[in-house]
Amino acid sequence: MDSRSHTPVTAALRLCLHALLTGLLALVAVRAVGEGAPHAGAVVALTLVTAGVYGAGALAGRPGPAGAGVRAGAEARAGAEARATSVRQRASMRPGTRAAALWLAALCALWLGLLVLSPDALWVAFPLYFLQLHLLPTRWGVPAVVVTAAAAITSFVVHRQEIAPGAFIGPLLGAAVAIATVLGYDALFRESERRRELIVELVATRAELAEAERTAGTLAERERLAREIHDTLAQGLSSIQLLLRAAERTLPGDAPAAAHVRAAREAAQANLAEARSFVRALTPPDLEHGSLAAALERLCARTTGPDLTVRFAVSGTPVELPTPYEVALLRTAQSALANTVRHARAGRAEITLSFMDTSVALDVVDDGRGFDPSGAPVAERGDGGFGLPAMRSRAATLGGTLSVESAPGQGTALAVTLPLAGPRRSQERAA
């Protein structure tokens, strides 16, 4: 028996079982000697043998507590181990099970011998009930208890030569109490195990959620820092470099300030490169190993499944976009596809990235069930969604717009447009 199952309660029950069986065997021997029974010597000898066999099994760890608490725990652990072990490992547990069954059979055979010699041996049936229910499966334990009760009743009738209600009520009531106690304890123990496993799963899930929240917070902070560095330091250094280059052109070659202007321009250029390296290091992981188009194509491939086909297309001549633009467009596409998967029940979706002279646009179209854009916002309907407001706010932060066209049963088309001003693109190229 696994020592881990020896809780204080089950240990106390085990001691009670040992004391009960030992006391009843002593009672049989004492009454046989005290009343001068014809086979008193044989009764005492058989009683000692029975006690010895039981003691050997108890020391070997065969019997458990008077109830199915340990049996339920052992079965629960065996079930969990059986799912993780091989057939050879499961087969290796059979010899122990057979030994316990043989030990129980020997006890029952000795008890039947005592029944033949002494009518007082019928009281030993009560601890045997618990042993049978503990060591045997339920489909065998309950019939064994019934047979044991029938043997006790038969012994009483044969020895007393009379039929009395107590002869039937006592063994049958004891059998019923033993079965109810064991099965009830078994059910309670299994319920406790299920709750313990549920608590373990909840703790693991809470840890995963906390880790996901930390990861999301880290990514959000990385995006914020990248946007701030790009919009402030990088743009400022780029402007300083352009101004110094213009000043360098206007100065004569032998002017004393020309060397200082050149050094200042080179310092600004070096710091601009450092700032952009910081921005690249803080970009989302999907943008670290390729362009925005490649990231969107990977997103479509990941989202495509048995019930949804997602395609990606590029329109126009791709140009290098500022990092905040790439982040905003990628996050918008991720959020839009997430809404499509969760709510649209669509079979097809398409993402198009369009490069135009003065703007860049991202279109996400699906053939799902659609919705009414003029109705209450998703967040106000109580389902906890804030996708569209977040996308609209992100686009507005960069001076862009977000439009949604949809109708019930007619799919959804979402478009986000971000401006590419001429001076900004010129600065990007010059830098």
Parallel, tilted or perpendicular: which one describes the rings of Phe126 and Trp123, with boundaries at 30° and 60°? parallel
For the backbone of Val53 and the side chain of Trp103, can you confirm whether one donor and one acceptor N or O come within less than 3.5 Å of each other? yes
Hey, does the side chain of Asp367 reach the backbone of Gly347 with a donor-acceptor pair shorter than 3.5 angstrom? yes
Check ion pair [X]-[Y] (N to O, under 4.0 angstrom):
X	Y	answer
Glu266	Arg262	no
Arg194	Glu197	no
Glu193	Arg190	no

Is it the case that over 12 heavy atoms from other parts of the model lie below 6.0 angstrom from the CD atom of Glu191? yes
Please name all residues satisfying ring-ring contact (aromatic ring centres under 6.0 Å, His included) with Phe312, sequence neighbours left out, ordered by chain then number. none
Partner residues of Glu350 under the salt bridge (Lys or Arg N to Asp or Glu O under 4.0 Å) criterion, sequence neighbours left out: none
Taking side chain to side chain contact (heavy atoms under 4.5 Å, CB included) as the test, write out the residues that go with Thr303, two or more places apart. Leu299, Leu308, Val310, Leu337, Val341
Exercise: do Gln132 and Thr148 side chains pair donor with acceptor under 3.5 Å: yes
I'd like to know whether the aromatic ring centres of Phe371 and His343 sit less than 6.0 Å apart in this structure. no
